[in-house]
Protein chains: 2
Amino acid sequence: MSQNIRNLSMDPTVKTTTLTDLAHARLEEMISTLLLAPGEFLSEQVLAETVGLGRTPIREALQRLAREGLVTILPRRGVQVTPIDAAEQLLVIEVRRELERLISRNAAARATEEQRAAFSAIADGLDRTGRASDALEFLRLDREMNLLMLDAAHNAFAVRTMQLLAGLSRRYWYQNHRDTADLPLSARLHAAQARAVASGDPEAAAAASDALMDYVAAFTKAAQPREN
Amino acid sequence: MSQNIRNLSMDPTVKTTTLTDLAHARLEEMISTLLLAPGEFLSEQVLAETVGLGRTPIREALQRLAREGLVTILPRRGVQVTPIDAAEQLLVIEVRRELERLISRNAAARATEEQRAAFSAIADGLDRTGRASDALEFLRLDREMNLLMLDAAHNAFAVRTMQLLAGLSRRYWYQNHRDTADLPLSARLHAAQARAVASGDPEAAAAASDALMDYVAAFTKAAQPREN
DNA sequence: GTTTGCGTTTCTGTATTCAAAGACTGGTTT
DNA sequence: AAACCAGTCTTTGAATACAGAAACGCAAAC
């Protein structure tokens with residue numbers, strides 16, 4: 001089964017759980033679940049104590065989060081959880097639309113047979129969760145599909161770039177999905193994209209991606225008045 | 001009750017010259033001018049001494065550079081200047097093509113009158129340098145046009161993302177431009193893009209961007225055998 | 001009552017210290 | 001002669017120490 005050994009990069013045993021990664025994961029979750037409120041000011045010291053780590057990993061994690069736009073570093077003054085701004089969010093989506101289309105198109109063109117089968121399975125699952133309005137299962141499948149997509153697209157840079165934008169999107173979704181999201185529609189659109197990728201038709205996959213992003217943009221605009 | 005001057009400090013003169021920024025700039029230049037050779041192994045200690053700073057700013061700069069793909073951090077082992085890989089470079093261009101098109105289109109749609117005038121001036125300058133094969137002036141105008149484009153596109157996220165990919169592209173160009181680049185053609189294509197933006201026609205600007213990226217891709221492929 | 005100036009405090013930015021994980025070397029064993 | 005083992009050395013990952021800068025508070029002055 002292990003036919004696909006990682007090539008030249010000699011990392012067979014990279015068990016790299018650095019504390020910086022951990023801090024980053026913790027903080028990103030706290031921010032995107034609004035446990036750390038948008039606009040709130042943070043101090044490295046306090047964060048270090050609450051997370052139970054030293055200042056160094058916290059600081060490095062904050063710099064990564066700043067790159068992702070989740071926090072804003074005010075030089076010599078401190079760190080602020082970036083306020084939620086629907087207008088900015090639309091700019092994020094503007095960029096995501098292009099990258100998602102690229103990834104979707106590439107995945108359709110480059111996916112292996114196993115990956116196509118996996119996409120089909122996910123599409124079926126999404127249809128079920130859409131009819132049942134099973135939010136938890138939907139989120140699980142969404143995550144799985146994302147990973148599969150990034151893997152199938154075979155472009156590490158596109159992946160890295162997408163991940164840079166994912167955080168802000170996640171937080172916005174989390175804040176507004178209860179009131180504004182249309183889960184059945186979203187599930188249908190995701191399923192359509194998965195099927196297009198599975199079928200290996202790049203242009204269909206690109207179109208499906210655009211349709212999905214249209215929905216995301218509409219969702220963002222619909223939630224706009226609720227802004228913080 | 002009193003004035004809440006909390007974050008009212010919209011200082012346009014924020015002297016944000018942190019040593020980390022300085023280290024990042026120095027190291028990026030050293031890497032993209034091949035002063036630090038691709039594949040070379042580095043140690044934070046040595047870099048700190050050669051640059052004349054402590055390990056902390058060097059370390060933070062290295063993490064940024066790793067994000068940009070210019071160095072690879074091998075956990076617990078050290079830092080390696082990422083070897084130049086033409087195949088990877090084509091993936092970078094794949095992503096850049098999408099982002100450049102977006103930025104070009106937006107700039108055409110959103111630029112102010114002053115910015116359009118500036119684009120026209122740059123286009124004229126580029127035509128001159130193309131005919132004269134003035135590489136230095138070409139580089140200056142290219143940089144100027146880039147900044148103007150990012151400014152006119154009004155999308156901070158697209159900008160940030162592009163900058164993430166710029167380093168690798170710069171290094172590749174630096175390594176190969178003497179032998180492979182066609183300056184007059186490149187200048188013509190840049191000028192065409194600038195004129196399209198200036199004219200305010202988004203689709204023309206997008207097409208011009210695609211044409212330019214076609215050239216960049218061809219350049220990358222042409223240089224491929226010279227790879228390290 | 002509002003403002004201004006000075007001392008205090010807290011915080012970031014940076015250097016230094018500490019610990020542990022690999023890499024390396026030299027010698028011994030098979 | 002090759003392989004292996006132990007001890008040393010180098011290097012990162014992380015915590016802590018330190019210095020300077022910005023904010024805060026209080027009091028005095030207008």
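From a predicted model like this one, the values you see are computed outputs, not experimental measurements. Below, chain A is the first sequence line, B the second, and so on; all start at residue 1.
Side-chain nitrogen and oxygen atoms of A:T20 include at least one within less than 4.0 Å of the OP1 or OP2 phosphate oxygen of D:dA14. Here A:R77 reaches the OP1 or OP2 of D:dA23: one of its side-chain N or O atoms lies under 4.0 Å away. When the side-chain nitrogen and oxygen atoms of A:S43 are compared with OP1 and OP2 of C:dT10, none of them lie within a distance under 4.0 Å.
Whole-Å rounding puts the B:Q45 CD to D:dG13 C1' distance at 14 Å. Between A:E44 atom CD and D:dA14 atom P there is a gap of 16 Å when expressed in whole angstrom units. Rounded to an integer number of Å, the gap from CD of A:Q80 to P of D:dA22 is 18 Å. What separates CZ of A:R76 from C1' of C:dT10 is a distance of 13 Å, to the nearest Å. What separates CD1 of B:I73 from P of D:dA14 is a distance of 12 Å, to the nearest Å. In this structure, the CG atom of B:L19 is 11 Å from the P atom of C:dG13, given to the nearest Å. Atom CG in B:L62 sits about 13 Å away from atom C1' in D:dT11, given to the nearest Å. The distance from atom CD of A:E49 to atom P of D:dA15 is 13 Å, rounded to the nearest whole Å.
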**Study point:** Stepwise side-chain hydrogen bond (donor to acceptor under 3.5 Å, both in side chains) check, A:N106 with A:H154
**Key:** CA-CA 8 Å; A:N106 280 359; A:H154 282 100; over 6 Å; no
Exercise for review: Decide yes or no on salt bridge (Lys or Arg N to Asp or Glu O under 4.0 Å) for A:R64 and B:E60, but give the supporting numbers first.
Suggested key: CA-CA 10 Å; A:R64 279 202 228 168; B:E60 290 177 354; over 6 Å; no
Exercise for review: Test B:E28 against B:R67 for salt bridge (Lys or Arg N to Asp or Glu O under 4.0 Å), laying out the working first.
Suggested key: CA-CA 12 Å; B:E28 200 216 287; B:R67 286 265 153 152; over 6 Å; no
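Within the structure, salt bridge (charged side-chain N to carboxylate O under 4.0 Å, His left out) contacts touching residues 39-48 of chain B (residues at least two apart or in different chains) are B:E44-B:R55, B:E44-B:R59.
The two residues A:A206 and A:S104 make their nearest non-hydrogen contact at N-OG, 4.3 Å.
In this structure, a donor-acceptor pair under 3.5 Å is present between the side chains of B:E68 and B:H24.
Of all the residues in residues 52-60 of chain A, A:G54, A:R55, A:T56, A:P57 reach under 4.0 Å from DNA chain D with at least one non-hydrogen atom.
Counting heavy atoms from C-beta outward, B:F119 and B:M149 have side chains that approach closer than 4.5 Å.
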